[in-house]
Each structure stands twice: as C-alpha cells, then as structure tokens.
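We name chains A, B, ... by the order of the sequence lines, and we start the count at 1 in each one.
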Amino acid sequence: MAALLDVKNLGISFGGLRAVNAFNISVEKEELYGLIGPNGAGKTTVFNLLTGVYKPDSGKVLLDGEDITGKKTIDISKAGIARTFQNIRLFKQLSVLDNVKVGLHNKHHYSTIEGILRLPRYRSVEKEMDEKAMDLLKVFELEQVAQQLASNLPYGQQRKLEIARALATEPKLLLLDEPAAGMNPNETGELMDMIRFVREQFHMTVLLIEHDMKLVSGICEKLTVLNFGEVLSQGDTGTVLNDPQVITAYLGE
Amino acid sequence: MGMLKKMSKNTRSNLITYGIVIAAFLIMQTLITTGSISSLLEGLMVPLCIYVILAVSLNLVVGILGELSLGHAGFMCVGAFTSAFFSKCMRDVITSSLLRFFLALLIGIAVAAVFGLIIGIPVLRLKGDYLAIVTLAFGEIIKNLVNVLFIGRDSNGFHFSTKDVMDLNMEPDGTVLVNGPQGITGTPKDSTFLIGVILILITLFIVTNLINSRDGRAIMAIRDNRIAAESIGINVTKYKLMAFTISAALAGAAGVLYAHNLSTLTATTNNFGYNMSITILVFVVLGGIGNIRGSIIAAVILTLLPELLRGLSDYRMLIYAIVLIIMMLFNWAPKAIEWREKYFSFGKRKKEAVK
C-alpha cells in the first residue's frame, strides 16, 4: 500500500543557506510519526514546506497519491493537511466554539446572501456546524468553555483548541508543531493520551515535531531525525533513539 | 443549551439595536410634527442618518476586518455622483420620486461596490499604515476626478470632457449635467428622514447578520490571525475583498442619501475628502472598534453636539473636545470598561469572557 504522505528529495534555500536538503519521509496511514532534531535543524521549515507557506525549490510531496508540491496553503488545506503552530495561533477575539466553526468553513456551505437574509439553509447549516463543533469540543473537554473567548483559555486548553480546530477541517494528515511546548509533565501525559485517542477516534495520521523525549518515545512509532537540514537517521523509534549518530548530535551521551 | 442561548443572545442584541434606532426615529418624528425642535435641527436628521450608515459601514472594515481605511468618503462620493447624475437625467422621465430614488439608490450602491472591488484588489495587499495611506490617496483621487468631470447632453446624446464646458462641443439645445467643480445642480430632493432611517436599518441588518454568519467568521478569523486562517483553508483575499466591497457599497448608499438631500452637489474636502473620512473614523474609534451599536451612538452624539451647543458660541468646540475625551475614556479605559460591564449590558462580548 502506498504511504499517505510521501515526500521525496524536498529542499529549500534561503539566500545562501540550504535550510532543508534532500528531505525524504514516508508516513503510513494512521501512523504516529515524530520529527525531531536540534533547534534550527529545519523541522518547522519542513512543516511550512508541506503546508505551502514556503514553496520548495526541489523535490516532490505526495498526499494520498495526489501531487501537492508547491500548491497554495488553501489548496493544501483542502487536499487534507491541517496543522497547529509552535507559537499558538488562535482567533483570539472569537469564542472557542467559533474557532472550531471557522475550521468547519470549507465543509459546510451556504451563500453570503443566505447568511445575510437568514434563509432556512443558513439555519440548518449553522445548526449542523454547532453540533459538529460541540462534538469536537467534547472530545477535548472544552464544551464547558465553548462560549468564552479563545484568548481567555489557559495555555493547555489553547493547545487543545488548536488541535480541535485543525481536526474540524477533516484532514487526512495532522501536523503538530511542538504540541507539548510549555506543558508540565502532567499535561504532557494527558496530551499523549489525547493524541493516541485522536488517532483511534478519527483514524488520523499524525506527524509531530517535539523536543519532549518522553512524549516522543512514548507515542511515536517511527522517527526522523533532522540535523542541519538533512536527515540524520530514520526508522522505528527504538532503533533511531539508539543510533550513535543521533545520540551524538541530539540526545547527548 | 449553550448554543441556543448564544444564538438568541446575538439576535437579542441585534433586536435591541434596531429598537433603539426605531425608538429614536419615532421620538424625533413626533418632535418634528409637533414643531418642538428648531428647523436647523430638523435639517440635521438626514445628515445624521448618513453619518450613522457611514460609521457602521466603516466599522465593517476597521473593526471586523481589522484594516484601517481612510478612503471611505471616496466611495460615498461615487455613490452620490452616480445617483445624482441618474436622478437628474431621469427627473422628467420617472415622475414618481420614490421609484426614482430607489433606482438611484441601486445604481449608487452598485457603482460604489464596483469601485470598492477595483480599488480593493490592489490595495488590500497592503497592511496597516500602508493601507491607510493608499486608501487615503484613492479617496482623494476619486474626489479630484469628479472635480474635472464635465458631462453634457444635447439632441445628439451625451458629451464628456475633462477640460471645461466649452470642450463638450454641444449643440445650442444642450444642457450641462455635471459641471466640473460646480458639480451637479438640480438633483431632486428625494431624501427623507424616513428613508434615511430605513437605510440605517437595512445597513444594520446586513452588517450584523454578516458578522454572525459563516463569511463573517472567516473575516474575523483573518483579522485575528491571517496565517492560521490560511492554514485551515480560508481564502484570505476573497474575504478581505468581500468585507471591503460591502463596506464601499453601504458608503455608496450613504452617498445617495447625501446627494438627494441637497440641490447642489459638489465634491470638496469637507464632504468627500479626507476630512470626511477622518470624521467617520472618529465615530468608529470613539464608538468602540468592532462595536456596531457604539458607532451609531458616537455618530449621533458627535453630529448633534455642535448644533445643540450653538448657544454657547465660543465654548462650543471646547465642550466638543471634552466630550471626545470622555467618550474615549468610557470606551477604552480598563477601569471604565469594568464599571460599564457591572452596570450596563453594553460590550456583550467582553462580558461573556469575564463570566
């Protein structure tokens, strides 16, 4: 079976700096895949290349067999990649519920006129969206705070809301950029359970960047280690973490 | 259920706003019919409606889309001149003033929307201060273009020029319709207070319902975080243009109302230039950015104030300035917001957050 995400020879330069070079990765359906490496190795740049924020100057990205190389962010979102951000990016002045409803935007339609005139389709579609959004919020235990402004949530809940919003777009692949950043060990533990739960509940494929090795070794089935924009090691989590090269470059003796 | 409560909360808030507008209209109308207010104040009613529409429509760009536009008067100018031109041409053809005004309104709105779209496409690539400066420039360009526009009509049809009346080369039977800096004279005075209030209600209906719809959420998502909005598949360009165009169209409607309230329509700095654009922005900022009801209240108070204070002659502008400062404190000072939330139900969004 072909992999869900198949990236071959991906690369980009910023001026004279080769930020990512000859990057290959192959993520199977419903896999939990980790992307690790020292700061500045190019992990977030890979995410930005996959989601169309940057255009790669070499290589190919296939999602479920569809070539999405160099496409616009909107089209890649429609093709089925959703992401969260290292520094949380919520719609701060919108309610928690509305944040998720924006995520539902492309899956639920009515025209501008129907919206302004509040025609029957507006009501039925909005009701549908409310129900779907509430279901998602329940998964992340956010239903109690649905009417609050996103900016008023504590940090951990903001992270959860970002994931809920990403899932609302019904993606095939979910990219998580340092989901455990700034969390205490307790919260990280909860997060691990949640990621596993999301994978099972939504049959989701997850590619995540993380520095927390407890999380990485705890939930990731496969790993790719980046160093100076190049793949240093790749394979099953156990094998990669015992790779002497990885230990020298990233983990430390 | 929480959702139902929230939905009815939005609807309730909108209904209160409509109620305030209708109540204010009924009170003023009663005062006018009983002759309790001066004719000067009575003459201010249509301009008041114009300012309210302008403030609400600009709030759509500044508060909801989160972009600073200083060219709003330009779109008003477009609406005013196209509709006045139409009404003048059709003065003898369509005798029903209501029908003529309605058609003029549609034309004014449509042309202003087209201008909004055409100007929005290049301009909305910019952000913040740059966008403000460029919209300011476009507003001035529109005003200046109107000032060099000469249109006449004779038995051979329409004649255009950008030089002077002589350049139109009309037959002796021709009449000048648009006379450059002297503008358009003889527009039928079709605007009434009632029409103005109806237009306010329509504007409110469009803007508030848009905000609470799928498109409105997308627009606000772009305001709050463009990169995140893009990452979940929101078409940023489309929704920015949508907000800008709708805002321009509504400003055009205000322009139509303006043009049909005067017998002579000219484009000067005070009515269609940056003075006007800044005045509208002042209403929006003082009323609270993103707060539709606030825009209405600010526009009404700041339009009526100079007239009501006329008796105080020299102290008039002093008091005007003090009111500006007090309104700013009332809307933006954290302590004032806290106090307000305790005693009034204004600023519902912030209140929700506190709960």
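Here Tyr239(B) and His105(A) bring their ring centres to under 6.0 angstrom of each other. Checked against a 6.0 Å centroid threshold, the rings of Phe244(B) and Phe75(B) count as neighbours.
Panel note: side chain Asp6(A), backbone Leu62(A); no donor-acceptor pair is recorded below 3.5 Å.
Using a 4.5 Å cut-off between heavy atoms, Thr169(A) touches chain B through its side chain atoms alone. If you measure heavy-atom distances from Ser111(A) to chain B, the contacts under 4.5 Å come from the backbone alone. At a 4.5 Å heavy-atom cutoff, Ile211(B) makes no contact with chain A through either its backbone or its side chain. Neither the backbone nor the side chain of Ile76(A) comes within less than 4.5 Å of any heavy atom of chain B. With a threshold of 4.5 angstrom between heavy atoms, His108(A) approaches chain B through N, CA, C or O but not through any side-chain atom.
Comparing Ile116(A), Ile74(A), Leu117(A) by how many heavy-atom pairs each has under 4.5 Å with chain B, the most go to Ile116(A). Put simply, of Ile234(B), Asn235(B), Leu210(B), the one with the most heavy-atom pairs under 4.5 Å next to chain A is Ile234(B). Between chain B and the residues Val125(A), Val102(A), Thr84(A), the largest count of heavy-atom pairs under 4.5 Å involves Val102(A).
For Lys92(A) and Asp224(B), the salt-bridge test fails: no basic side-chain N is under 4.0 Å from an acidic carboxylate O. Under the 4.0 Å criterion applied to side-chain N and carboxylate O atoms, Glu126(A) and Lys101(A) are assigned as salt-bridge partners.
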**Prompt:** Would Lys78(A) and Glu170(A) count as a salt bridge (charged side-chain N to carboxylate O under 4.0 Å, His left out) if you check the C-alpha gap in whole Å, the side-chain angles of each, and the deciding distance to 0.1 Å?
**Reply:** CA-CA 9 Å; Lys78(A) 284 178 184 162; Glu170(A) 295 174 26; over 6 Å; no
